[in-house]
Amino acid sequence: MPTIDSSTIISFAKIQKLDLLKLLKTKIETIEEVYEECVKKGINLGYADAIKIKKIFDEKIIMISNIKKYEEFSGVSKIDSKVINFAKEKKDYLFVDDVKLGRRAKAENIEVRNAPDILLHLTKTNRLTKEEFNELLQKLIQQKRLSLKSKKLYEEIGGSQKNGKSNQS
């Protein structure tokens with residue numbers, strides 16, 4: 001089961017597409033501190049997205065689990081260290097849009113995926129059309145969750161498909 005960090009949850013909330021996480025057809029897990037950051041703190045600060053994020057936790061699209069072992073990692077926060085430890089325990093992907101956390105996780109041999117990677121996967125598995133993929137990349141740029149340079153790279157990768165259908169024979 002992949003682990004998800006608050007940065008990816010927030011990216012999907014900002015483009016109003018949290019429901020796409022359901023299309024992954026896998027259980028996604030995170031730690032209590034990520035829930036607290038995205039939901040409890042968000043609600044207290046008056047962020048409208050926090051209520052929508054709470055719903056995906058309530059629907060068990062993202063499950064909260066406990067970390068078994070804690071080791072602090074240099075260059076990242078205590079919460080990010082916990083996320084890295086949890087992903088190491090799970091031995092699966094870490095969904096993260098925070099560049100610093102992503103780099104540190106990669107240094108710990110954790111495979112990292114971000115919101116555009118998830119969108120690309122959904123496109124390649126015909127759960128999103130190419131047009132939807134491109135629109136959502138544009139929304140990530142508008143929300144300052146993706147650079148224009150990265151968007152162009154993802155469009156090139158996703159460009160091997162027409163109308164959401166793969167070119168496989």
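The figures here come from the full heavy-atom set of this structure, side chains too, leaving out hydrogens, waters and symmetry mates.
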**Student:** Could you give the distance from CD (Glu33) to SG (Cys38), rounded to the nearest 0.5 Å?
**Tutor:** 12.0 Å
**Student:** As a quick check of understanding, evaluate side chain to side chain contact (heavy atoms under 4.5 Å, CB included) for Ile51 and Lys55, giving each step before the final call.
**Tutor:** CA-CA 6 Å; Ile51 302 292; Lys55 185 178 176 193; over 6 Å; no
**Student:** Under a 4.0 Å threshold between the charged nitrogen and the carboxylate oxygen, would Lys139 count as salt-bridged to Glu135?
**Tutor:** no
**Student:** Regarding Glu59 and Lys22, does a basic nitrogen lie under 4.0 Å from an acidic carboxylate oxygen?
**Tutor:** yes
**Student:** Is a side-chain donor-acceptor pair under 3.5 Å present for Asp117 with Tyr154?
**Tutor:** yes
**Student:** Is the NZ atom of Lys151 crowded by more than 12 outside heavy atoms at less than 6.0 Å?
**Tutor:** yes
**Student:** Set out, in order, the CA-CA distance, both residues' side-chain angles and the distance that settles side-chain hydrogen bond (donor to acceptor under 3.5 Å, both in side chains) for Glu37 and Ser6, then state yes or no.
**Tutor:** CA-CA 7 Å; Glu37 184 180 342; Ser6 60; 3.2 Å; yes
**Student:** Tell me whether the count of non-hydrogen atoms from other residues, nucleotides or ligands lying under 6.0 Å of OH in Tyr47 goes above 12.
**Tutor:** no
**Student:** Can a donor-acceptor pair be found, under 3.5 Å and without considering hydrogens, that links the side chain of Gln143 to the backbone of Leu140?
**Tutor:** no
**Student:** Should the pair Arg113-Glu111 be classified as a salt bridge under the 4.0 Å nitrogen-to-oxygen rule?
**Tutor:** yes
**Student:** Do Glu108 and Lys88 sit within salt-bridge range, that is, some charged N less than 4.0 Å from a carboxylate O?
**Tutor:** yes
**Student:** Under the criterion side chain to side chain contact (heavy atoms under 4.5 Å, CB included), I'd like the reasoning laid out for Leu24 against Ile118: C-alpha separation, chi angles, the key distance, then a yes or no.
**Tutor:** CA-CA 8 Å; Leu24 290 174; Ile118 295 169; 3.8 Å; yes
**Student:** Donor-acceptor pair, distance only, cut-off 3.5 Å: does the side chain of Thr8 make one with the backbone of Ile4?
**Tutor:** no
**Student:** Can you tell me how far CZ of Phe95 sits from CG of Asp5, rounded to the nearest 0.5 angstrom?
**Tutor:** 12.0 Å
